[in-house]
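Structure record follows, encoded as structure tokens.
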Amino acid sequence: MSDVPTTPDELLEALERDGIDHLWVTYLDVAGKPSAKTIPRSGFRSAVRSGVVFAKANFDLDTRDHMAESATLQADSGDMMAVPDPRSYTVLPRYPGTARVYTWLRNPDGSPWLGCPRTRLQEQVDALAAEGYSLQAALEPEFYLLTKDEFGNYHPVDGVRSFGEAGLAVQHEFLQEVVDELTEMGVTVAQIGKEFGPGQYEISVRHGSPFEAIDDYGPVKDVIRYAARELGYVATFMPKVFAEWVGCSLHLHLSLWDTAGDHDLTPNANDQETLSDPGRWFMGGLLKHVAALTALGSPTVNSYKRLLPGSWAPANTYWGYGNRSGIVRIPGPGGRRHLEFRSGDNTCQAALFLTGVLAAGLDGLRNKIDPGPPFEGDVGHMTAEEIANASFGFLPRSLPEALAALEADEVVTAALGPVTLEHMLIVRRSELESYNLTVHPWERETYLEVV
Ligand code: GLU
Ligand code: MG
């Protein structure tokens, strides 16, 4: 869009043009949690040019708001400046006179802070451009609509299951609100569908640059949450809410273009079926680094209750055309061919996940990594013997396994840089420790009156 500001001056003009009185200056930490301050008009110039101060120590707060025991950013670690990226400017129709910008994190002297997820992503975007390519991406979240009863238990909002049209009819008020509000915010909704589980939906938005993809993702989650709350529902993006129902994915739709973004280089130009060599190599890189990418895309204990064979969530490292059981699916015929990377979920830090994906894909391009032949079949419906004889590998089965694989992956850790990596590990291990030390209801149900 031509009226998207790209410079600080253009951002200031846009704030004036849109009659904005309150600017939310937001950054996403290593766990993907948005933190913000609101700035009144009188502070716009300084906020846009120099940024807004936050404590670096915020980066070692886990999702429960507990300072991680192994935190290295303590009360004495000083400040970071959240400096607006003008391209991310969005008016928030829900809050009159209010707009939001996402930010780069810098040191107080203005130099880039190595802990800044957006800067890590920019570095990989630039590295891909140096190889003659650009990435187009779209993030496709699934979510459940729930009600909460008087005992604090959650239930699917209705019984509509498996892709039913009735799901659109029953929730039309909610769905229209989501589409209308996102459209007003400049997010192009491609489609919303009823997903497999009761009360489960998924939303697709138009693909764009990696930054457009992550900057659309925040509004998508916000609008879905707020629109649900207005109707008395709870919207959840949690990877596995109900053990008996399918989980919620965050599929990444990826395609490789020339640097100008004019030509899609992912499909094979000479046939309708296969991928181009760069498309295959990029996928080869994803498969090679899949264990580390699993840590980035699936960074919570709950993530590993979703990644199970036979659930359409991947547990294995094969790819296929139209195969929904593997880690990469190639949807669509001909020019619609692209890569759908399927293991991630909505607990990820989207900028860091894409940073890892780009680094892995780049490794594939540079080293012409062959992804091997496509796989036909579903591991969820294979016998133990067939699985033992198959050539595919397994995704990490648990969070500790995935985090260890991430630490061991030189390509992906180099792309993350030492600071985002360190704090991502500190935060996720802090949550893991808390989970491990909790006595869960299952343990009481199983052992309390029996042993
Ligand atoms: N709900 C499935 C998952 O958690 C994905 C279903 C689909 O293919 O869209 O991965
Ligand atoms: Mg889906």
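Whatever order the structure lists them in is the order used to number ligands and atoms, beginning at 1.
Taking only nitrogen or oxygen atoms, main chain and side chain alike, G247 reaches within less than 3.5 Å of ligand 1. Considering both main-chain and side-chain atoms, E195 comes within under 3.5 Å of ligand 1 through a nitrogen or oxygen pair.
Protein heavy atom at the shortest distance from atom 10 (O) of ligand 1 is R306 NH2, 2.7 Å. Summary of contacts: the protein heavy atom closest to atom 6 (C) of ligand 1 is E142 OE2, 3.3 Å.
With ligand atoms numbered from 1 in the order given, ligand 1 contributes 7 (C), 8 (O) to contacts under 4.0 Å with heavy atoms of R342. Each of the following atoms of ligand 1 lies closer than 4.0 Å to a heavy atom of E202: 9 (O). For ligand 1, the atoms closer than 4.0 angstrom to any heavy atom of H251 are 5 (C), 7 (C), 8 (O), 9 (O).
F151 is linked by a ring-ring contact (aromatic ring centres under 6.0 Å, His included) to nothing, counting only residues two or more places apart in sequence or in another chain.
Salt bridge absent: R337 and D271 never bring a charged side-chain N and a carboxylate O closer than 4.0 Å. By the 4.0 Å N-to-carboxylate-O rule, R429 lies close enough to E407 to be salt-bridged with it.
Within the structure, side-chain hydrogen bond (donor to acceptor under 3.5 Å, both in side chains) pairs that include any residue of residues 173-194 comprise R94-E177, R94-E181 (at least two apart or interchain). Residues in residues 306-322 take part in these side-chain hydrogen bond (donor to acceptor under 3.5 Å, both in side chains) pairs, two or more places apart or across chains: Y318-S325.
Side-chain polar atoms of Y233 and Q171 form a donor-acceptor pair below 3.5 angstrom.
Protein N/O/S atoms closer than 2.8 Å to the Mg ion (ligand 2): E142 OE2, E195 OE2, E202 OE1.
Here N346 contributes atom CG and F143 contributes atom CZ; the two are 10.0 Å apart, rounded to the nearest 0.5 Å.
Under the 6.0 Å cut-off for aromatic ring centres, Y27 and W113 do not qualify, their centroids lying 6.0 Å or more apart.
Although no hydrogens or angles enter the test, the distance criterion places a donor-acceptor pair under 3.5 Å between the side chain of N323 and the main chain of G377.
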